[in-house]
Student: 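Have a look at this one.
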Amino acid sequence: MRVRMAPSPTGYFHLGSARTALFNWLYARHTGGKFILRIEDTDRTRYMPDSLQDIMDSLHWLGLDWDEGPVVGGPYGPYFQSERLALYHEWAERLLAAGLAYRCYCTEARLEALREEQRARKEPIIGYDRHCRTLTAVQRAELAAAGAASVIRFAMPLEGETCFTDLLRKIKPFDNNQYRDPILVKSDGFPTYHFANVIDDHFMEITHILRGDEWLSSVPLHVNLYNALGWEIPVFAHLPLILDPGGVGKLSKRKKKGEGDEDLLTYIREYREAGYLPEAMFNFLAIMGWAYSADTDLFSRAQAIARFDIVDINPAAGALPLSKLQWMNGHYIRSLAPADLMERLLPFLAKTLGQPVEALRAHPALPVLVPLIQERLKTLDEAASLIDFAFVEALEYDPQMLVAKGLTPAQSLAALTAARTLLATLPFTEEGLDAPLRNLADQFGVKVGQLFGILRVAITGKQVAPPLFGSMIALGREKTLARCLRAEELLRSL
RNA sequence: GCCCCCAUCGUCUAGAGGACCAGGACACAGGCCUUUCAAGCCUGGUACAGGGGUUCGAAUCCCCUUGGGGGCACCA
């Protein structure tokens with residue numbers, strides 16, 4: 001089995017592309033076949049220099065390694081279409097010679113005007129009128145002699161229908177007259193997708209084409225091309241599109257707002273930057289349109305490889321289940337070894353806290369804090385806001401937060417002072433702090449929650465924070481006492 | 001507008017004629033636990049789009065309707 005992922009370097013690697021790549025990769029790994037990466041860089045007007053690197057980085061990040069393609073090479077190269085122009089021209093000439101293709105001299109302006117006219121007249125079929133298909137030899141010679149720019153078009157059959165099969169769907173025959181002669185080679189000499197794709201898939205001996213559903217309606221063109229070229233037709237499987245979270249519209253078509261008020265992330269790099277784990281993304285991508293089993297959503301790469309099969313893919317387009325990704329990412333974060341999590345957190349913390357990675361890695365508070373926030377994280381970028389209190393000199397917070405619910409400022413102050421006095425003598429360990437502080441609350445006639453709440457604000461400046469004792473231990477006795485003192489001042493000023 | 005694809009809880013899905021008064025997960029609601037927030041555990045509600053067939057029997061097959069999606073470029 002030979003499958004391929006054929007992105008065009010016109011933008012960053014998209015979530016939907018990643019899912020397509022994943023299914024291709026899974027199929028190759030499941031069958032022991034080859035996964036090929038081919039770069040379809042035939043549109044020099046939309047070319048984006050960064051995007052090749054982004055595509056490769058994203059695939060690497062997801063763990064989708066390719067057996068042939070950029071960097072690794074392979075026996076069917078080159079793997080950039082821009083380096084295969086001679087091959088396309090050779091076959092275009094053959095089609096021309098066989099009368100299966102023809103040169104078209106129509107200008108883009110004429111084509112545009114034609115479509116506009118057709119739309120105005122509400123014609124059912126919009127597209128090229130095959131004006132140049134019937135040019136006489138003399139006319140052609142004149143046009144060529146005048147140096148008129150031309151494209152090469154494929155001469156689609158004028159009647160009849162084209163049948164093909166798809167592994168996931170029941171396809172009705174398509175009427176050939178529904179199609180207008182497509183361009184094979186553009187006037188700049190570059191091939192169009194349809195042409196380059198067919199040629200490359202053939203010469204790279206691709207056996208299965210797994211690609212997005214948006215290609216389904218162009219299959220008849222491809223089939224006719226394969227036939228004209230006399231080549232064997234590969235197996236098709238058109239993957240369901242991922243719709244935006246609301247379930248309306250193709251995800252790639254628009255950048256919409258997500259469930260909350262946040263921007264909907266559409267590129268793999270954005271998910272990486274937002275603190276999603278590659279393990280979680282891999283798993284998440286796989287459950288959109290495919291299921292490991294009837295009662296499991298969580299599975300490893302190896303498990304997915306073992307079970308994956310094209311025919312099990314659900315053909316129905318579906319909305320992007322973002323809340324499931326959140327949950328799944330949290331799950332994978334929780335399953336990490338704390339040291340591993342800390343290492344992954346470092347770049348995120350460095351960025352937000354404005355400190356060098358090395359300094360953070362050596363910081364004694366981090367190994368204490370990381371296990372405490374591990375089960376509280378949905379994404380890695382949330383960590384900083386949970387533990388920043390341990391990395392800043394002074395806390396900023398509303399003094400009113402120091403007044404415990406049900407207590408007066410004076411009562412809160414008294415409790416805090418007593419706690420601070422006690423803290424000065426206690427060993428800074430979980431066991432050392434726990435019982436004495438609870439007893440103190442009892443002695444004072446305040447609820448444990450009230451006392452701990454006051455301390456939490458004094459220590460972290462927040463009402464929601466990691467567990468109190470761990471936070472104090474991470475801070476250290478000296479800073480803990482200083483912050484209590486500062487909080488007492490604030491309470492007195494109320 | 002024309003052509004094509006698709007259709008199970010709010011969402012992602014399991015289901016390939018009887019094992020389904022439809023299973024799992026997320027989300028949601030309630031409860032437990034609890035120093036906040038989480039996590040964890042328990043409980044709960046909600047779905048076969050509608051209508052016709054075929055069949056002893058249909059979520060599963062066929063048709064129509066409706067709904068959603070995609071395509072109709074010198075973009076891929």
Side-chain angles (χ1 to χ4, degrees), chain A residues 6-8 10-11 40-43 45-46 104 106-108 111-112 115 118-119 121-128 149-153 166 168-172 174-175 178-180 182-188 190 192-194 196-197 212-220 238 240-241 243 245-250 253 259 284 287-291 293-298 311 314-328 330-331 334 372-378 386 434 437-438 441 447-453 455-457 460 462-469:
Chain A
S8 66
T10 53
E40 309 215 324
D41 52 348
T42 57
D43 184 349
T45 64
R46 292 199 309 154
C104 167
C106 294
T107 63
E108 290 190 65
L111 265 18
E112 182 52 42
R115 282 191 293 266
Q118 290 167 331
R119 268 188 268 270
R121 285 203 301 257
K122 296 194 192 299
E123 288 186 18
I125 298 173
I126 311 292
Y128 185 52
S150 68
V151 301
I152 298 174
R153 286 185 187 269
D166 183 288
L168 306 181
R169 311 153 193 281
K170 281 172 251 176
I171 313 285
K172 285 189 212 161
F174 283 66
D175 268 331
Q178 197 65 220
Y179 292 83
R180 300 286 99 130
I183 292 175
L184 264 22
V185 179
K186 298 180 264 188
S187 57
D188 66 358
F190 278 72
T192 57
Y193 169 86
H194 304 294
N197 199 262
D213 192 27
E214 70 265 32
W215 294 109
L216 190 60
S217 51
S218 52
V219 175
H238 288 84
L241 258 18
L243 273 22
V248 285
K250 193 165 93 165
K253 273 274 169 90
E259 285 170 353
F284 173 67
I287 62 166
M288 281 189 287
W290 182 72
S293 74
D295 55 12
T296 326
D297 277 342
L298 297 167
V311 296
N314 176 351
L320 184 70
L322 275 183
S323 62
K324 205 152 188 168
L325 170 62
Q326 297 260 312
W327 160 77
M328 195 170 266
H331 166 84
R334 272 171 250 132
L372 299 181
I373 60 172
Q374 182 158 21
E375 66 192 26
R376 273 157 253 264
L377 258 28
K378 283 200 162 44
L386 252 30
D434 193 302
L437 283 173
R438 285 177 195 279
K447 288 178 184 153
V448 168
Q450 291 174 316
L451 177 64
F452 287 12
L455 281 168
R456 176 172 300 110
V457 173
T460 68
K462 290 169 187 157
Q463 285 170 318
V464 174
L468 184 60
F469 305 146

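So you know, we letter chains A, B, ... as the sequences are listed, proteins then strands, and number each from 1.
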Student: Indicate yes or no: at least one non-hydrogen side-chain atom of A/His238 is less than 4.5 angstrom from one of A/Leu168.
Tutor: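 No. Closest side-chain heavy atoms not under 4.5 Å.
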Student: Scan nucleotides 46-48 of chain B against the protein and return all N/O pairs shorter than 3.5 Å with their distances rounded to 0.1 Å.
Tutor:
none

Student: A/Lys324: which residues meet the salt bridge (charged side-chain N to carboxylate O under 4.0 Å, His left out) condition with it, sequence neighbours left out?
Tutor: A/Asp297
Student: Given that A/Gly318 and A/Asp213 both sit by RNA chain B, which one's nearest nucleotide is further toward the 5' end?
Tutor: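 Its nearest nucleotide lies further toward 5', so the answer is A/Gly318.
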Student: C1' atom, B/A7 versus B/C64: distance in rounded Å?
Tutor: 15 Å
Student: Distance check, C1' atoms only: B/G67 and B/C56, in whole angstrom units.
Tutor: 34 Å
Student: What nucleotide, of B/C74, B/G71, B/A14, holds the atom closest to the side chain of A/Ile183?
Tutor: B/C74
Student: Consider the side chain of A/Pro124, meaning its heavy atoms from C-beta on, and name the nucleotide among B/A7, B/C2, B/U35 that approaches it most closely.
Tutor: B/C2
Student: Could you tell me which residues satisfy ring pair (Phe, Tyr, Trp, His ring centres under 6.0 Å) with A/Tyr179, sequence neighbours excluded, listed by chain and number?
Tutor: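 If we apply the ring pair (Phe, Tyr, Trp, His ring centres under 6.0 Å) test to A/Tyr179, skipping adjacent residues, there are no hits.
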Student: OP1 or OP2 of B/G40 less than 4.0 angstrom from a side-chain nitrogen or oxygen of A/Arg334, does that happen here?
Tutor: yes
Student: Under 4.0 Å between any heavy atoms, over every strand shown, what does A/Arg115 touch: base, sugar-phosphate, or nothing? Just pick one.
Tutor: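 The answer is sugar-phosphate, as A/Arg115 gets under 4.0 Å only of primed atoms, P, OP1 or OP2.
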Student: Compare all side-chain heavy atoms of A/Tyr128 with those of A/Leu111 and state whether any distance is below 4.5 angstrom.
Tutor: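 Yes, at least one pair of side-chain atoms sits under 4.5 Å.
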Student: Taking the side chain of A/Glu375 as its heavy atoms from C-beta onward, which of B/A39, B/U35, B/C74 lies nearest to it?
Tutor: B/A39
Student: Provide the distance between the two P atoms, one in B/U13 and one in B/G69, to the nearest whole Å.
Tutor: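 Pairwise P distance, B/U13 against B/G69, rounds to 16 Å.
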Student: Taking OP1 and OP2 of B/U35, is either one under 4.0 Å from a side-chain nitrogen or oxygen of A/Arg438?
Tutor: yes
Student: Checking A/Thr296 side chain against A/Leu298 main chain: does a donor-acceptor pair fall under 3.5 Å?
Tutor: no
Student: Under 4.0 Å, counting only non-hydrogen atoms across every strand here, what does A/Val448 touch: a base, just sugar-phosphate, or nothing?
Tutor: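 Sugar-phosphate: the residue A/Val448, judged by heavy atoms under 4.0 Å, touches backbone atoms but no base.
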Student: If I pick the C1' atom on B/C33 and the same atom on B/A25, what distance separates them, to the nearest angstrom?
Tutor: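 My reading of the C1' atoms in B/A25 and B/C33 gives 23 Å.
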Student: Report yes or no: does A/Thr192 contribute a side-chain atom to a donor-acceptor pair with the main-chain N or O of A/Ile183 at less than 3.5 Å?
Tutor: yes
Student: Would you mind reading off the distance between A/Leu386 atom CG and B/C37 atom C1', rounded to a whole angstrom?
Tutor: 8 Å
Student: What contact category does A/Leu468 fall into here, base, sugar-phosphate, or nothing, at under 4.0 angstrom with non-hydrogen atoms?
Tutor: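 Base: the residue A/Leu468, judged by heavy atoms under 4.0 Å, touches a nucleobase.
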Student: Paired with B/U36: which nucleotide, if any, by Watson-Crick or G-U wobble criteria at under 3.5 Å for both distances?
Tutor: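 Answer to the pairing question: none, since B/U36 forms no Watson-Crick or G-U pair.
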Student: Could you pull out all residues at least two apart from A/Glu112 that satisfy salt bridge (charged side-chain N to carboxylate O under 4.0 Å, His left out)?
Tutor: A/Arg115
Student: If you assign each of A/Arg119 and A/Pro466 to its closest nucleotide in RNA chain B, which residue comes earlier from the 5' end?
Tutor: A/Pro466
Student: Can you tell me, in whole Å, how much space there is between the C1' of B/C63 and that of B/C20?
Tutor: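 Result for the C1' pair: 26 Å, nearest Å.
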Student: Look at all strands and tell whether A/Ala465 reaches a base, only sugar-phosphate, or nothing, counting heavy atoms closer than 4.0 Å.
Tutor: base
Student: Roughly how many Å apart are B/U65 and B/A22, using the P atom of each and rounding to a whole number?
Tutor: 31 Å
Student: Taking only side-chain nitrogens and oxygens of A/Lys170, does any of them come within less than 4.0 Å of OP1 or OP2 of B/C4?
Tutor: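 No.
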Student: Please state how far atom CG in A/Leu451 lies from atom P in B/U35, giving the value in whole angstrom units.
Tutor: 12 Å
Student: Pick base, sugar-phosphate or nothing for A/Arg46, based on heavy-atom distances below 4.0 Å to the nucleic acid.
Tutor: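 If one applies the 4.0 Å heavy-atom cut-off, A/Arg46 turns out to touch a base.
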Student: Answer with base, sugar-phosphate or nothing: what part of the nucleic acid does A/Lys462 contact at a heavy-atom distance below 4.0 Å?
Tutor: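 Since no nucleic acid heavy atom lies under 4.0 Å of A/Lys462, the category is nothing.
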Student: To the nearest Å, give me how far apart CG (A/Asp175) and P (B/C72) are.
Tutor: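 Nearest whole value for this atom pair: 18 Å.
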Student: Taking the P atom in each of B/U36 and B/G31, what is the distance between them to the nearest angstrom?
Tutor: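 Approximately 15 Å lies between the P atom of B/U36 and that of B/G31.
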Student: Go ahead and name the base partner of B/G67; Watson-Crick or wobble counts if both distances stay under 3.5 Å, otherwise write none.
Tutor: B/C6
Student: With sequence neighbours left out, write down each residue that passes salt bridge (charged side-chain N to carboxylate O under 4.0 Å, His left out) with A/Arg46, or none if nothing qualifies.
Tutor: A/Asp43
Student: Do the side chains of A/His194 and A/Ser218 get nearer than 4.5 Å, heavy atoms only?
Tutor: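 Yes, at least one pair of side-chain atoms sits under 4.5 Å.
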Student: Going by salt bridge (charged side-chain N to carboxylate O under 4.0 Å, His left out), name the residues that satisfy it together with A/Glu375, two or more places apart in sequence or in a different chain.
Tutor: none
Student: Walk along nucleotides 22-27 of chain B from 5' to 3' and tag each nucleotide B, S or - by protein heavy-atom contact under 4.0 Å, base first, then sugar-phosphate.
Tutor: -BBBSS
Student: Nearest to the side chain of A/Glu40, heavy atoms from C-beta on, is which of B/A76, B/C4, B/U35?
Tutor: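 Within the option list, the nearest is B/A76.
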Student: Starting at atom CD of A/Gln178, determine the distance to atom C1' of B/C72, rounded to an integer number of angstrom.
Tutor: 8 Å
Student: Which whole number of Å gives the distance between the C1' atom of B/G45 and that of B/G40?
Tutor: 22 Å
Student: Do the non-hydrogen side-chain atoms of A/Trp215 and A/Tyr193 ever get within less than 4.5 Å of each other?
Tutor: yes
Student: Need one value for A/Trp290: base, sugar-phosphate or nothing, where a base atom within 4.0 Å counts as base even if backbone is also close, heavy atoms only.
Tutor: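 No contact.
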Student: Tell me what A/Ile126 touches on the nucleic acid: a base, only sugar-phosphate, or nothing, going by heavy atoms under 4.0 Å.
Tutor: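 Base, at least one base atom sits under 4.0 Å.
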Student: Select base, sugar-phosphate, or nothing to describe what A/Pro182 touches, counting heavy atoms under 4.0 Å on all strands.
Tutor: nothing
Student: Report the residues that fulfil side chain to side chain contact (heavy atoms under 4.5 Å, CB included) with A/Ile171, sequence neighbours left out, ordered by chain and then residue number.
Tutor: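 Applying side chain to side chain contact (heavy atoms under 4.5 Å, CB included) to A/Ile171 gives A/Phe164, A/Asp166, A/Arg169, A/Phe174, A/Leu216.
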Student: Quick one: side-chain hydrogen bond (donor to acceptor under 3.5 Å, both in side chains) partners of A/Ser150, sequence neighbours excluded?
Tutor: A/Arg103
Student: Taking atom P of B/C75 as reference, at what distance in whole Å does atom NZ of A/Lys186 sit?
Tutor: 4 Å
Student: Which listed nucleotide (B/A76, B/C4, B/U35) is nearest to the side chain of A/Leu216?
Tutor: B/C4
Student: Nearest to the A/Phe174 side chain among B/G69, B/U35, B/C3, which nucleotide is it?
Tutor: B/C3
Student: A/Gly289 near the nucleic acid: base, sugar-phosphate alone, or nothing, with a heavy-atom cut-off under 4.0 Å?
Tutor: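 Sugar-phosphate contact only.
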Student: Under 4.0 Å: is that the gap between some side-chain N or O of A/Ser217 and OP1 or OP2 of B/C5?
Tutor: no
Student: So does A/Asn314 get a side-chain nitrogen or oxygen closer than 4.0 Å to the phosphate oxygens (OP1/OP2) of B/A14?
Tutor: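 True: A/Asn314 side-chain N/O within range (under 4.0 Å) of B/A14 OP1/OP2.
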Student: Any side-chain heavy-atom pair from A/Pro7 and A/Glu40 closer than 4.5 angstrom?
Tutor: no
Student: Is the base of B/C74 touched by the side chain of A/Ser187 through a donor-acceptor pair closer than 3.5 angstrom?
Tutor: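 Check passes, donor-acceptor contact within cut-off.
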Student: Could you check whether A/Ile171 gets within reach of a base, just the sugar-phosphate, or nothing at all, counting any heavy atom under 4.0 Å?
Tutor: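 Touches sugar-phosphate only.
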Student: B/A25 pairs with which nucleotide, Watson-Crick or G-U wobble, both distances below 3.5 Å?
Tutor: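 B/U11 is the nucleotide pairing with B/A25.
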